[in-house]
Amino acid sequence: MIEAAWIWAVLGIILIAIEILAIGALYVLWFGIAAICLAIATWLFPNIPYAIQLIAFAILSLSSLAIWRRYYQRTDTSSAVGQSQGEEIGRIGIVTETTSPTKNGSIRFTQGLMGSREWVAVSDEAIEINSQAKVVAVEGNTLRIAKIS
């Protein structure tokens, strides 16, 4: 018959492998670690009854998961590179290509805006070349602008 320590060790390794390969949410990891702990315990004390092993596995798994959930602080892993965060609204630039409701134009800034000095611009009114305009919205890779009175 296979020893309980080997069963718990294999179960622990399988659960940790599932965590690494598939999920990555750190939920299955705690069950795998609990199984490894039980493998060590049953190797040191081979006469532990199966019922006690299952209860210990449940207690170890759920308590470690609960402790992790309580103290885990999620860090923001998303990158804002190339994405507007709203700081561009209100920036003033010079129109370099006439823009109107039916025609896209372009606007140039003295200091780069989201990595570029010149942007495709759209507007709700006609804005002539060399007019000052301000950014009122970022719409994908174009800027919605309004003429400064």
Side-chain angles (χ1 to χ4, degrees), residues 1-97 99 101-124 127 132-148:
M1 187 166 151
I2 299 174
E3 291 183 27
W6 285 107
I7 294 171
W8 286 114
V10 169
L11 179 64
I13 291 169
I14 289 171
L15 290 172
I16 292 172
I18 288 171
E19 177 68 41
I20 292 171
L21 296 175
I23 298 171
L26 296 176
Y27 288 107
V28 181
L29 175 70
W30 305 109
F31 294 93
I33 290 173
I36 297 291
C37 290
L38 246 71
I40 293 169
T42 55
W43 179 67
L44 293 173
F45 306 104
N47 294 328
I48 299 174
Y50 292 122
I52 302 296
Q53 291 178 30
L54 291 174
I55 291 170
F57 176 71
I59 291 171
L60 281 172
S61 299
L62 297 177
S63 61
S64 61
L65 181 63
I67 290 169
W68 172 76
R69 292 273 301 169
R70 178 171 173 85
Y71 295 106
Y72 175 68
Q73 298 294 323
R74 175 164 282 192
T75 57
D76 186 22
T77 59
S78 64
S79 173
V81 173
Q83 298 179 11
S84 169
Q85 301 297 316
E87 298 88 12
E88 297 78 19
I89 308 299
R91 293 276 305 265
I92 297 172
I94 303 293
V95 175
T96 57
E97 197 175 315
T99 181
T102 58
K103 180 179 178 251
N104 289 350
S106 63
I107 186 169
R108 181 182 301 267
F109 299 94
T110 55
Q111 185 179 19
L113 182 70
M114 293 186 294
S116 181
R117 287 187 175 198
E118 191 159 334
W119 283 86
V120 174
V122 294
S123 66
D124 295 328
I127 304 176
Q132 284 193 335
K134 68 177 178 176
V135 177
V136 293
V138 179
E139 299 172 353
N141 61 351
T142 62
L143 301 178
R144 180 158 299 276
I145 60 173
K147 188 174 183 177
I148 297 177

A34 to L60 - nearest heavy-atom pair and separation: CB-CB, 3.8 Å
CZ of F45 to CD1 of I40: how many Å apart, nearest 0.5 Å? 12.0 Å
Tell me, please, which residues at least two apart from T110 pass side chain to side chain donor-acceptor pair (under 3.5 Å). none
Note: A146 and V136 closest approach over all heavy atoms is CB-CG1, 3.8 Å
Measure across I48 and Q53 and return the closest heavy-atom pair with its distance rounded to 0.1 Å. O-NE2, 2.8 Å
Only counting residues at least two apart or in another chain, list the ones meeting side-chain contact (heavy atoms from CB on, under 4.5 Å) with L29. I16, E19, L26, I33
Would you say that I107 contacts E118 through its side chain, given a criterion of any heavy-atom pair below 4.5 Å between the two side chains? no
Working to the nearest 0.5 angstrom, can you tell me the gap between R108 CZ and I94 CD1? 10.5 Å
Passing option when V28 is tested against I20, L15, L65 for side-chain contact (heavy atoms from CB on, under 4.5 Å): L15
Once you round to the nearest 0.5 Å, how far does OG of S106 lie from CD1 of I145? 8.5 Å
Mind checking side-chain contact (heavy atoms from CB on, under 4.5 Å) for A35 and listing every partner two or more places apart, or none if nothing turns up? W8, L11, F57
What pairs of residues pass the side-chain hydrogen bond (donor to acceptor under 3.5 Å, both in side chains) test when at least one of them lies in residues 60-71, not counting sequence neighbours? Y27-R69
From L143 CG over to T99 OG1, what is the distance, rounded to the nearest 0.5 angstrom? 10.5 Å
Separation of I7 CD1 from L38 CG (nearest 0.5 Å): 11.5 Å
With rounding to the nearest 0.5 angstrom, report the CD1 to CD1 distance, I148 to I127. 9.0 Å
Check whether any side-chain N or O of Q132 sits under 3.5 Å from a backbone N or O of G93 as a donor-acceptor pair, and report yes or no. no
Under the side chain to side chain donor-acceptor pair (under 3.5 Å) rule, collect the residues that match up with E97, sequence neighbours excluded. none
Test log, rule side chain to side chain contact (heavy atoms under 4.5 Å, CB included), inputs I92 and V135: CA-CA 7 Å; I92 297 172; V135 177; over 6 Å; no
Answer yes or no: is there a side-chain heavy-atom contact under 4.5 Å between F31 and L62? yes
With sequence neighbours left out, write down each residue that passes side-chain contact (heavy atoms from CB on, under 4.5 Å) with I55, or none if nothing qualifies. I59
Sorted by chain and residue number, the side-chain contact (heavy atoms from CB on, under 4.5 Å) partners of E139 (sequence neighbours excluded) come out as V122, A137, T142, R144
Please list all pairs passing the side-chain hydrogen bond (donor to acceptor under 3.5 Å, both in side chains) test where one or both residues lie in residues 34-44, with sequence neighbours left out. none
Smallest heavy-atom separation, A39 atom then A5 atom, equals CB-O, 3.4 Å
Least distance between heavy atoms, V95 atom then A133 atom: CG2-CB, 3.9 Å
